[in-house]
Engineer: 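My questions all concern the structure below.
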Amino acid sequence: AIAGSVQPTGAVDFFDGATSIGSATLAAGTAAFTTTALHAGNHAITAHYAGDSVFLLSVSSPSLSQAVSPAPTVTSLTAQPTPSSTFGKLVTFTAAVSVPLPGAGLPTGDVVFTVDGATVQTTALSAALQAAVATTSLGAGSHLVTATYQGDSDFLASTTSLTHQVVCDVTITGDHTGGLQVTSGSTCLTNATVHGAIVVRATSTGRRGFIPYSSLYGDAPVDDCTA
C-alpha cells in the first residue's frame with residue numbers, strides 16, 4: 001500500500017521465485033491475491049508493480065518466505081455387497097480419499113489394500129480420488145480389510161479399516177461317513193470330519209466348498225474347494 005492523496009493504479013503481479021502465480025488489481029493502493037496452488041515446501045514470494053503514468057515500477061524486497069506444509073487426507077472404505085458377502089462370490093472394496101479444509105487440491109499416488117494384515121493389491125488413485133480391489137478369494141468368516149493411502153509430496157498418508165463378513169449358503173459340522181455332495185451355492189465345513197470324498201455336482205454352476213478347521217479323509221476337487 002502507498003500513502004498519499006494520489007494512489008497508484010494498475011495491477012500487481014505475484015511471483016513464486018521466477019514463476020508467475022497470479023495478479024490482482026490495485027484498490028486504494030493495495031492488491032491482494034489468494035491461491036491454493038502452492039506445493040508443499042518453502043516459497044519466496046514477490047510482488048511486481050508495473051507502474052502507471054504517475055508512478056514508477058517497483059518490486060517488493062526482500063521476498064516473503066512462505067512455508068507450505070503437506071495437507072492431511074482422510075481415507076474412507078466401503079464394501080459391495082455389504083455388510084456381508086457370500087463365499088466364492090465377488091466382493092469389491094472401494095477406498096475414497098478426500099482433503100479436509102483448509103487443505104485443497106487433488107492427491108495422487110497409490111492405495112494399498114490389506115486383508116487380515118496381508119497385502120492383496122496396490123491400486124493407483126483415479127481422477128475421482130478412488131481406488132478399488134475386487135476378489136472372490138476370501139474364506140468364510142470375519143475379515144479385517146484396510147486401505148492405506150500412501151500420500152505424495154503435497155498430501156499426507158491416511159488409513160482406514162472395516163470388518164467384512166463372508167458367509168456360506170450352507171454350513172456343515174459334525175462327523176460324516178460316506179462323503180458329501182455339494183449342491184448349494186457355497187457349502188462350508190466347519191469343525192467337521194468327513195470319511196469319504198467331497199463331490200461338487202458338475203451341473204451346479206458356481207458351487208464352491210470351504211473346509212476350515214475340518215478333517216477330510218478322501219478327495220475334494222481342487223478347483224472348487226478351498227481349505
Side-chain angles (χ1 to χ4, degrees), residues 1-80 82 92-115 119-134 144-162:
I2 300 175
S5 58
V6 179
Q7 296 287 348
T9 60
V12 175
D13 296 314
F14 295 87
F15 285 79
D16 177 10
T19 302
S20 175
I21 57 174
S23 63
T25 301
L26 281 167
T30 299
F33 173 71
T34 301
T35 181
T36 60
L38 295 182
H39 294 286
N42 295 316
H43 301 267
I45 308 299
T46 53
H48 296 232
Y49 172 56
D52 60 15
S53 60
V54 177
F55 294 94
L56 298 175
L57 62 83
S58 62
V59 177
S60 61
S61 182
S63 61
L64 172 68
S65 180
Q66 180 67 49
V68 177
S69 300
T73 62
V74 174
T75 299
S76 60
L77 182 62
T78 58
Q80 184 60 40
T82 191
T92 300
F93 300 102
T94 302
V97 177
S98 60
V99 182
L101 296 173
L106 297 176
T108 60
D110 296 331
V111 174
V112 177
F113 293 91
T114 65
V115 176
T119 299
V120 294
Q121 186 167 301
T122 299
T123 305
L125 270 180
S126 69
L129 302 185
Q130 293 185 339
V133 59
L144 180 65
V145 183
T146 301
T148 301
Y149 167 58
Q150 300 287 79
D152 62 17
S153 59
D154 290 327
F155 296 93
L156 298 175
S158 58
T159 188
T160 190
S161 298
L162 60 76

Engineer: Under a 3.5 Å distance rule, please check whether Asp152 uses its side chain to pair with a backbone N or O of Gly109 as donor and acceptor.
Structural biologist: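 Judged by distance alone, no pair lies under 3.5 Å.
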Engineer: Between the side chains of Thr122 and Asp110, is a donor N or O closer than 3.5 angstrom to an acceptor N or O?
Structural biologist: no
Engineer: Any donor and acceptor pair, going by atom type alone, linking the side chain of Ser65 with main-chain N or O of Ala44 inside 3.5 Å?
Structural biologist: no
Engineer: Can you tell me how far the CD atom of Gln7 sits from the OG1 atom of Thr30, to the nearest 0.5 Å?
Structural biologist: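 Going from the CD atom of Gln7 to the OG1 atom of Thr30 covers 7.5 Å.
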Engineer: Where do Thr75 and Ala147 come nearest, in terms of heavy atoms and distance?
Structural biologist: CG2-O, 4.1 Å
Engineer: Indicate every side-chain donor-acceptor pair of residues 10-29 with a distance under 3.5 Å to a residue at least two apart or in another chain.
Structural biologist:
residue, atom, partner, partner atom, Å
Asp16, OD1, His43, ND1, 3.4
Asp16, OD2, His43, ND1, 2.7

Engineer: Mind checking the NE2-OG spacing from His48 to Ser58? Nearest 0.5 Å is all I need.
Structural biologist: 9.5 Å
Engineer: How far does CZ of Phe155 sit from OG1 of Thr108, to the nearest 0.5 angstrom?
Structural biologist: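 Reported value, rounded in 0.5 Å steps: 8.0 Å.
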Engineer: Looking at every non-hydrogen atom in both residues, tell me the closest pair between Leu129 and Pro107 and how far apart they are.
Structural biologist: CD2-O, 3.4 Å
Engineer: How far apart are the closest heavy atoms of Ala40 and Pro70, and which atoms are they?
Structural biologist: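 Looks like CB-N, 3.8 Å.
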Engineer: Walk me through whether Val112 and Gln150 qualify under side-chain contact (heavy atoms from CB on, under 4.5 Å).
Structural biologist: CA-CA 7 Å; Val112 177; Gln150 300 287 79; 3.7 Å; yes
Engineer: Would you call Ser98 and Val74 a side-chain contact if the rule is heavy atoms closer than 4.5 Å?
Structural biologist: yes
Engineer: If we ignore hydrogens and angles and just use 3.5 Å, is the side chain of Thr123 paired with the main-chain N or O of Ala131 as donor and acceptor?
Structural biologist: no
Engineer: Would you call Leu125 and Val111 a side-chain contact if the rule is heavy atoms closer than 4.5 Å?
Structural biologist: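 Yes, their side chains come closer than 4.5 Å.
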Engineer: Return the minimal non-hydrogen interatomic distance between Thr146 and Ser161, and the atom names on each side.
Structural biologist: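 Of all heavy-atom pairs spanning Thr146 and Ser161, the closest is OG1-OG, 2.7 Å.
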Engineer: Do you know the tightest heavy-atom contact between Ile45 and Gln66?
Structural biologist: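 Shortest heavy-atom separation between Ile45 and Gln66 comes out as CG1-CB, 4.2 Å.
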Engineer: Is any side-chain heavy atom of Leu77 closer than 4.5 Å to a side-chain heavy atom of Val145?
Structural biologist: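 A side-chain contact exists here, since the closest heavy-atom pair is under 4.5 Å.
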Engineer: Looking at Leu56, is its backbone amide N or carbonyl O close enough to the side chain of Tyr49 to form a donor-acceptor pair, meaning the two atoms are under 3.5 Å apart?
Structural biologist: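 Not at all, since once roles are kept as given, no pair shorter than 3.5 Å links the two residues.
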Engineer: For Ala104 and Val99, which heavy atoms make the closest approach, and how far apart are they?
Structural biologist: N-CG1, 3.7 Å
Engineer: Looking only at atom types and distance, does a side-chain atom of Thr73 sit under 3.5 Å from a main-chain N or O of Leu156, one as donor and one as acceptor?
Structural biologist: yes
Engineer: Test Thr148 against every option in Thr159, Thr119, Thr160 by the side-chain hydrogen bond (donor to acceptor under 3.5 Å, both in side chains) rule and name the one that passes.
Structural biologist: Thr159
